[in-house]
**Student:** 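What follows is a single structure, and I will ask about it in a moment.
Values reported hereafter were calculated over all heavy atoms of this structure, with side chains retained and with hydrogens, waters and symmetry mates removed. Every chain is numbered from 1 and lettered A, B, ... according to where its sequence line falls, protein lines coming before strand lines.
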Amino acid sequence: MPRLLHRRFFARSVHAVAPDLIGATLLYRGAGGTIVEVEAYDQTDPAAHSYRGRTPRNAVMFGPPGHAYVYRSYGIHWCLNLVCEPAGSAGAVLIRALQPTTGLPAMRRRRGTREERLLCAGPGRLCQALGITGDDDGRAFEPPWFELRARTTVPEVAVGPRIGISVAVEQPWRYGLKGSRFLSKPFAAA
DNA sequence: TGCCCGATTAACT
DNA sequence: GTTAATCGGGCAA
């Protein structure tokens with residue numbers, strides 16, 4: 001069984017952690033899969049929620065690394081982030097897509113679809129499939145709620161601009177498993 | 001207090 | 001390709 005990722009893994013720059021998460025396994029209460037898409041946000045980034053300083057919503061981003069920052073998007077969806085870097089630097093990695101491997105029936109039930117490709121393809125879908133909500137904001141990325149296991153081989157990682165933002169759009173801080181069919185959107189061909 | 005808009009998704013045309 | 005759904009955060013007044 002691959003080792004659990006621990007504090008030392010999270011306590012680095014989001015730009016180091018984000019690509020290293022591709023291929024890792026994320027489980028939440030017995031459901032989840034392989035991480036195939038993430039995006040990095042650091043405090044100096046105008047697209048980051050932490051950019052304008054600490055507020056009640058983003059407070060977890062300013063706390064210790066290795067915790068979940070969960071926020072509501074468009075008043076409808078939940079999005080899951082992993083807080084990184086030394087405490088106070090307010091960086092986080094948005095988990096955007098998984099290749100489902102575990103707990104498929106529960107995920108299908110929560111999503112209301114049998115289509116495996118779309119179960120966890122996108123930050124909102126992923127949280128719906130796993131049952132992640134605002135209650136998980138601030139929760140540690142470790143058992144019993146979360147389980148994050150290291151990858152056992154180094155995958156080919158694709159890089160490109162982030163999705164759905166209106167500032168800093170040129171920064172290539174989206175990372176994905178090259179060729180995966182479980183991405184929220186394909187990466188441009190190299 | 002009021003207004004605008006978003007780290008999205010699904011259902012349209 | 002376009003748009004509604006839906007609501008809290010952030011900023012102007």
**Student:** Can you tell me which nucleotide in dA5(C), dG10(C), dT9(B) comes closest to the side chain of Arg52(A)?
**Tutor:** dG10(C)
**Student:** Is the shortest distance from a Lys or Arg side-chain nitrogen in Arg96(A) or Glu39(A) to a carboxylate oxygen in the other one below 4.0 Å?
**Tutor:** yes
**Student:** According to a hydrophobic-cluster definition based on side-chain heavy atoms being under 4.5 Å apart (Ile, Leu, Val, Met, Phe, Trp, Tyr only), do Val157(A) and Ile35(A) belong together?
**Tutor:** yes
**Student:** Out of dA7(B), dG10(C), dT6(C), which nucleotide sits closest to the side chain of Tyr69(A)?
**Tutor:** dA7(B)
**Student:** Taking only N and O in the side chain of His49(A), is any of them less than 4.0 Å away from OP1 or OP2 of dA7(B)?
**Tutor:** yes
**Student:** Please report the distance, rounded to the nearest Å, between CG in Leu183(A) and C1' in dT9(B).
**Tutor:** 17 Å
**Student:** In whole Å, I'd like the distance from the OH atom of Tyr175(A) to the P atom of dA7(B).
**Tutor:** 19 Å
**Student:** Base, sugar-phosphate alone, or nothing: which one does Arg57(A) contact when heavy atoms must sit under 4.0 Å apart?
**Tutor:** sugar-phosphate
**Student:** Scan side-chain atoms only and decide if Asp136(A) and Tyr28(A) contain a donor-acceptor pair under the 3.5 Å cut-off.
**Tutor:** yes
**Student:** Check the distance between dG6(B)'s C1' and Tyr41(A)'s OH and give it to me in whole angstrom.
**Tutor:** 11 Å
**Student:** Taking N and O atoms by type only, does the side chain of Tyr71(A) place a donor or acceptor under 3.5 Å from a partner on the base of dA7(B)?
**Tutor:** yes
**Student:** Let me know the distance between CZ of Arg162(A) and C1' of dT8(B), rounded to the nearest Å.
**Tutor:** 16 Å
**Student:** Would you say Ser89(A) and Gln43(A) are linked by a side-chain donor-acceptor pair, where the criterion is simply a distance under 3.5 Å?
**Tutor:** no
**Student:** Let me know the distance between CZ of Arg72(A) and P of dT6(C), rounded to the nearest Å.
**Tutor:** 11 Å
**Student:** Is the phosphate of dA10(B), meaning OP1 or OP2, less than 4.0 Å from a side-chain N or O of Arg111(A)?
**Tutor:** yes
**Student:** Identify which nucleotide among dA7(B), dT9(B), dT6(C) has an atom closest to any side-chain atom of Asn81(A), counting heavy atoms from C-beta outward.
**Tutor:** dA7(B)
**Student:** Rounded to the nearest angstrom, tell me the gap between atom OH in Tyr51(A) and atom C1' in dG9(C).
**Tutor:** 17 Å
**Student:** When the C1' atoms of dA7(B) and dG1(C) are considered, how many whole Å apart are they?
**Tutor:** 22 Å
**Student:** Are the ring of Tyr74(A) and the base ring of dA5(C) both nearer than 5.5 Å at their centres and tilted by less than 30°?
**Tutor:** no
**Student:** Report the nucleotide, chosen from dT9(B), dG6(B), dT6(C), that has the shortest atom-to-atom distance to any side-chain atom of Ile76(A).
**Tutor:** dT6(C)
**Student:** Indicate whether OP1 or OP2 belonging to dA10(B) is found under 4.0 Å from a side-chain N or O atom of Arg125(A).
**Tutor:** yes
**Student:** Between Asn58(A) (CG) and dG6(B) (P), how many Å, whole number?
**Tutor:** 18 Å
**Student:** When the P atoms of dG2(B) and dT6(C) are compared, how many Å lie between them, rounded to an integer?
**Tutor:** 22 Å
**Student:** Among dG10(C), dT9(B), dA7(B), find the nucleotide with the atom closest to the side chain of His77(A).
**Tutor:** dT9(B)
**Student:** Of the candidate nucleotides dT8(B), dG10(C), dA5(C), which contains the atom at the shortest distance from the side chain of Arg96(A)?
**Tutor:** dT8(B)
**Student:** Are Met61(A) and Trp78(A) in one and the same hydrophobic cluster, where Ile, Leu, Val, Met, Phe, Trp and Tyr link if side-chain heavy atoms are under 4.5 Å apart?
**Tutor:** no
**Student:** Could you state the CD-P distance from Gln128(A) to dA5(C), rounded to the nearest angstrom?
**Tutor:** 18 Å
**Student:** State whether Thr55(A) places a side-chain N or O below 4.0 Å from either non-bridging phosphate oxygen (OP1 or OP2) of dG10(C).
**Tutor:** yes
**Student:** Pairing check on dT3(C): which nucleotide meets the Watson-Crick or G-U wobble criteria with it, both distances under 3.5 Å?
**Tutor:** dA10(B)
**Student:** Can a side-chain donor-acceptor contact be found between Arg110(A) and Gln128(A) if the only test is distance below 3.5 angstrom?
**Tutor:** no
